[in-house]
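Nothing here was measured: the structure is a model prediction, and the numbers come from that model.
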Number of protein chains: 4
Amino acid sequence: MARPLSEEKRKALLTAATEEVATSGAAASTIKIAKKAGVAEGTLFVYFPTKDDLLNQLFLALKSDLMGFLMKDYPIHADIQGKIRSLWTGFIDWGATYPNKRKALRQLGVSERITDSNKDVGEALFDNLHDVIEEGFKTGVLREQPLPFLSGLINALADMVLQTALDDAIKLDQYKALGWQALWGAIARK
Amino acid sequence: MARPLSEEKRKALLTAATEEVATSGAAASTIKIAKKAGVAEGTLFVYFPTKDDLLNQLFLALKSDLMGFLMKDYPIHADIQGKIRSLWTGFIDWGATYPNKRKALRQLGVSERITDSNKDVGEALFDNLHDVIEEGFKTGVLREQPLPFLSGLINALADMVLQTALDDAIKLDQYKALGWQALWGAIARK
Amino acid sequence: MARPLSEEKRKALLTAATEEVATSGAAASTIKIAKKAGVAEGTLFVYFPTKDDLLNQLFLALKSDLMGFLMKDYPIHADIQGKIRSLWTGFIDWGATYPNKRKALRQLGVSERITDSNKDVGEALFDNLHDVIEEGFKTGVLREQPLPFLSGLINALADMVLQTALDDAIKLDQYKALGWQALWGAIARK
Amino acid sequence: MARPLSEEKRKALLTAATEEVATSGAAASTIKIAKKAGVAEGTLFVYFPTKDDLLNQLFLALKSDLMGFLMKDYPIHADIQGKIRSLWTGFIDWGATYPNKRKALRQLGVSERITDSNKDVGEALFDNLHDVIEEGFKTGVLREQPLPFLSGLINALADMVLQTALDDAIKLDQYKALGWQALWGAIARK
DNA sequence: CATGAATGAGCCTTCATTCAT
DNA sequence: TATGAATGAAGGCTCATTCAT
């Protein structure tokens with residue numbers, strides 16, 4: 001009956017938090033985040049009871065955003081290599097398109113303030129990839145390796161590429177290609 | 001002549017900083033670091049004029065420590081594959097032996113407070129690898145790729161393995177082996 | 001016609017306030033009081049325009065509640081000593097029966113936020129005792145002393161007994177008896 | 001070797017705290033206390049790590065101050081009645097001379113933030129009175145009653161007198177006398 | 001050089017109160 | 001009338017840094 005929580009404000013807060021966390025890490029100040037989101041300091045705590053809550057929800061939101069991005073153009077009917085290449089491309093493009101999201105996610109991934117259980121939930125979002133990879137194992141296209149190892153591998157490679165090629169579009173394209181070769185060499189059988 | 005700076009205290013401070021940064025990231029407090037090092041709060045600033053100085057010097061010290069570790073048993077007369085495998089093993093072993101050093105380095109690598117020029121200096125420490133790799137290119141053992149790309153690749157893979165296999169010695173060995181296969185697949189020609 | 005204020009909610013708020021004030025003093029938060037009363041934060045301010053209003057009304061309500069308790073079994077036809085003893089017993093029993101009410105009253109009695117005029121009103125509730133005491137003076141049973149002094153005396157003694165014997169039923173009975181002896185010795189002529 | 005803690009500042013802080021607590025109770029703000037003491041906000045926390053520490057130490061300091069005041073002119077060679085009368089007078093005079101100390105002590109006595117163990121220590125300061133009172137019991141001058149009951153009695157009566165006669169010197173003298181009669185009547189045998 | 005007291009900006013959070021719904 | 005989102009002041013406390021000793 002009272003004013004409803006505004007999804008708009010929640011988003012503004014998460015967006016502002018993304019930017020601040022991208023540069024200052026988990027040390028980003030709630031005051032700056034609130035101001036950047038255009039709301040009063042206290043309002044932040046209406047939406048996120050605690051700074052840790054904000055950080056954790058941001059972490060999940062970013063993971064989920066990335067997942068959505070990867071799935072958007074996912075080629076359901078492509079072969080294994082095509083599917084994995086799509087994921088690789090998606091990773092790189094997401095990071096290049098939203099550098100702050102990537103930086104924020106990177107910082108949070110290293111932070112003690114994200115609960116272990118949430119870090120797990122973050123991983124779990126990628127469980128959808130299960131099938132592709134399992135299929136790769138069965139058809140013998142991929143070397144058999146534990147799933148977390150494989151997803152960690154993609155993640156690490158993509159992150160490295162984005163980090164290394166930061167602010168350099170040409171290098172980015174070069175590394176994206178090199179990275180794909182490396183990745184495929186790393187996981188394909190033979 | 002006044003008492004000279006004590007190398008011992010400097011080291012104690014860096015060691016304490018390593019531990020604090022490992023858990024709290026760049027937000028680690030100078031007070032706690034000083035106390036853990038067994039010196040007074042103000043003493044820290046005799047050795048490091050600024051917290052940022054401390055952080056940057058710690059970053060370099062850790063990179064250098066890692067480098068020293070890698071070079072210790074480096075097989076100068078082995079073939080390319082042997083040399084690179086030694087580096088891989090070294091990376092993993094260093095991280096497993098000094099988890100706090102690795103965690104601290106990881107946190108600092110992501111922090112805004114490490115100057116770009118220092119991040120470059122950090123990379124440069126690995127320039128010694130130039131020769132091995134160039135040799136690999138010439139003999140055709142390695143696919144030709146930019147040096148920073150290659151070192152970033154090793155780094156990223158090793159970090160992923162250590163992170164993923166945290167606190168699980170068995171998994172660590174498994175991943176170390178898998179990681180090596182992946183790495184070699186990623187960089188070897190054909 | 002609009003919905004009228006609900007007496008039930010008002011009471012719930014005062015009851016909740018009693019509990020909160022008992023433990024946190026005047027620093028008790030309106031939010032917690034509202035929640036404990038089962039109403040929304042804003043609703044509290046429909047019934048009490050200001051936190052100070054709430055506190056002051058609570059103060060009066062508690063005084064009045066105590067007064068009612070004292071009068072319930074008041075022996076109108078007893079002699080002076082019997083009447084005063086009844087008051088004494090009543091005081092102690094009220095405090096033992098409703099420890100939160102007593103604690104809250106104690107806290108509020110010390111608080112700056114209760115207006116002086118209300119503290120006087122609080123005292124005035126006991127004016128009904130006028131007659132008993134005047135009678136005591138006339139018949140020479142009581143030493144002549146100003147009324148506020150006498151009521152303050154009873155109050156202080158009872159409060160001390162309750163406070164000292166907190167959570168110890170046996171001690172409470174002992175102190176109740178001792179207190180009565182002391183009180184009577186303090187006020188009776190000769 | 002560094003600047004030593006200044007006893008002067010510690011006292012200034014306790015004095016300032018006394019004044020603030022006298023009017024605002026345990027809700028007194030550390031900032032106001034620091035400012036009133038003429039030191040920076042942070043300095044307060046050099047001397048008292050926590051607001052609760054400040055409050056508890058203030059409580060003990062006030063109790064101790066009162067005790068010192070009572071003992072100053074204590075008539076060691078007087079009879080029981082003389083000794084107790086001296087205590088009574090001392091109580092009243094202390095409260096009249098240092099109204100803020102008394103108000104602060106009153107507020108703290110009711111506050112949840114003073115630990116139970118400190119409240120006990122507070123009581124213990126009065127253990128010195130043991131002997132007088134025991135002597136009173138033996139010689140039959142005093143009715144036999146538990147010590148905490150007796151000290152509570154004196155305390156409560158004195159507090160009531162001071163509170164009731166606040167800001168009225170004439171009334172104060174009158175109540176002081178009446179209070180003594182009442183007290184003696186309350187505790188003396190027969 | 002070493003110490004740790006002193007400082008005040010800044011942090012996260014709570015709160016009383018207002019007001020759109 | 002009842003609700004609870006919105007607000008920004010204020011609170012307790014921490015911190016990097018300075019400086020008297």
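Within 4.0 Å (heavy atoms only), A/Ala28 reaches sugar-phosphate atoms of the nucleic acid but no base atom. In this structure, D/Ala34 reaches neither bases nor backbone, as no heavy-atom distance under 4.0 Å exists between it and the strands shown. At a threshold of 4.0 angstrom between heavy atoms, the contacts of C/Thr43 include nucleobase atoms, whether or not backbone atoms are also involved.
In the set E/dA16, F/dC13, E/dG4, the nucleotide with an atom closest to the side chain of D/Thr50 is F/dC13. Nearest nucleotide to the side chain of D/Arg3, out of F/dA6, F/dT7, E/dG4: E/dG4. Taking the side chain of B/Tyr47 as heavy atoms from C-beta on, and the options E/dT7, E/dC1, F/dG12, the nearest nucleotide is E/dC1. Between F/dA6, F/dG11, E/dA6, one nucleotide has an atom nearer to the side chain of C/Glu41 than all others, and that is F/dA6. Of the candidate nucleotides F/dG12, F/dA16, F/dA2, F/dG12 has the atom nearest to the side chain of D/Lys51. Listed nucleotides F/dT3, F/dG11, F/dG12 differ in distance to D/Thr30; the shortest reach to its side chain belongs to F/dG12. Residue D/Ile31 has its side chain nearest to F/dG12 when only F/dG12, E/dA2, F/dA5 are considered.
The nearest heavy atom of DNA chain F to A/Ser6 and to C/Val39 marks one nucleotide each, and the one closer to the 5' end goes with C/Val39. Annotation: of the two residues near DNA chain E, A/Ala26 and C/Asp52, the 5′-most nearest-nucleotide partner is A/Ala26. Where A/Ala40 and B/Arg113 meet DNA chain F, the nucleotide closest to each residue was compared, and A/Ala40 sits on the side nearer the 5' end.
In this structure, B/Ser29 does not reach the F/dT14 phosphate: none of its side-chain N or O atoms is under 4.0 Å from OP1 or OP2. Proximity of D/Lys9 to the phosphate of E/dA5: no side-chain N or O atom is located under 4.0 Å from OP1 or OP2.
Between A/Glu8 atom CD and F/dA5 atom C1' there is a gap of 14 Å when expressed in whole angstrom units. Rounded to an integer number of Å, the gap from B/Leu44 CG to F/dC15 P is 13 Å. Rounded to whole angstrom, the span from the CD1 atom of A/Ile33 across to the C1' atom of E/dT13 amounts to 14 Å. Regarding B/Lys32, its NZ atom lies at a distance of 12 Å from the C1' atom of F/dC13, rounded to whole Å. When the C1' atom of E/dA5 is taken as reference, atom CG of D/Leu13 falls 13 Å away, rounded to whole Å. Atoms CZ (A/Phe45) and P (F/dA9) sit 16 Å apart, rounded to a whole Å. Atom NZ in D/Lys35 sits roughly 12 Å away from atom P in F/dG12 (whole-Å rounding). Put simply, CD on D/Glu20 is 14 Å from C1' on F/dG11, counting in whole angstrom units.
None of D/Thr50, D/Asp52, D/Asn56 except one satisfies the side chain to side chain donor-acceptor pair (under 3.5 Å) rule with D/Arg113; the exception is D/Asp52. Here the options are C/Lys103, C/Lys32, C/Lys36, the test is salt bridge (charged side-chain N to carboxylate O under 4.0 Å, His left out), and the partner is C/Glu20; only C/Lys36 passes.
Side-chain contact between A/Leu105 and A/Lys101: absent, with no pair of heavy atoms (C-beta onward) separated by less than 4.5 Å. Side-chain contact between C/Asp159 and C/Arg102 is present, with at least one heavy-atom pair separated by less than 4.5 Å. Between A/Phe45 and A/Thr30, some side-chain heavy-atom pair lies under the 4.5 Å cut-off. Contact annotation: the side chain of B/Ile33 approaches that of B/Leu54 to within less than 4.5 Å [non-hydrogen atoms, C-beta and beyond].
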Based on Watson-Crick and G-U pairs with both distances under 3.5 Å, what dot-bracket line describes DNA chain E 5' to 3', crossing pairs as [ ] and inter-strand pairs as |? .||||||||||||||||||||
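Ion pairing of D/Glu8 with D/Lys11 is absent here, as no side-chain N (NZ or NE/NH1/NH2) approaches a carboxylate O to less than 4.0 Å.
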Kindly determine whether B/Thr23 and B/Glu19 satisfy side chain to side chain contact (heavy atoms under 4.5 Å, CB included), including the steps that lead there. CA-CA 7 Å; B/Thr23 54; B/Glu19 291 173 37; over 6 Å; no
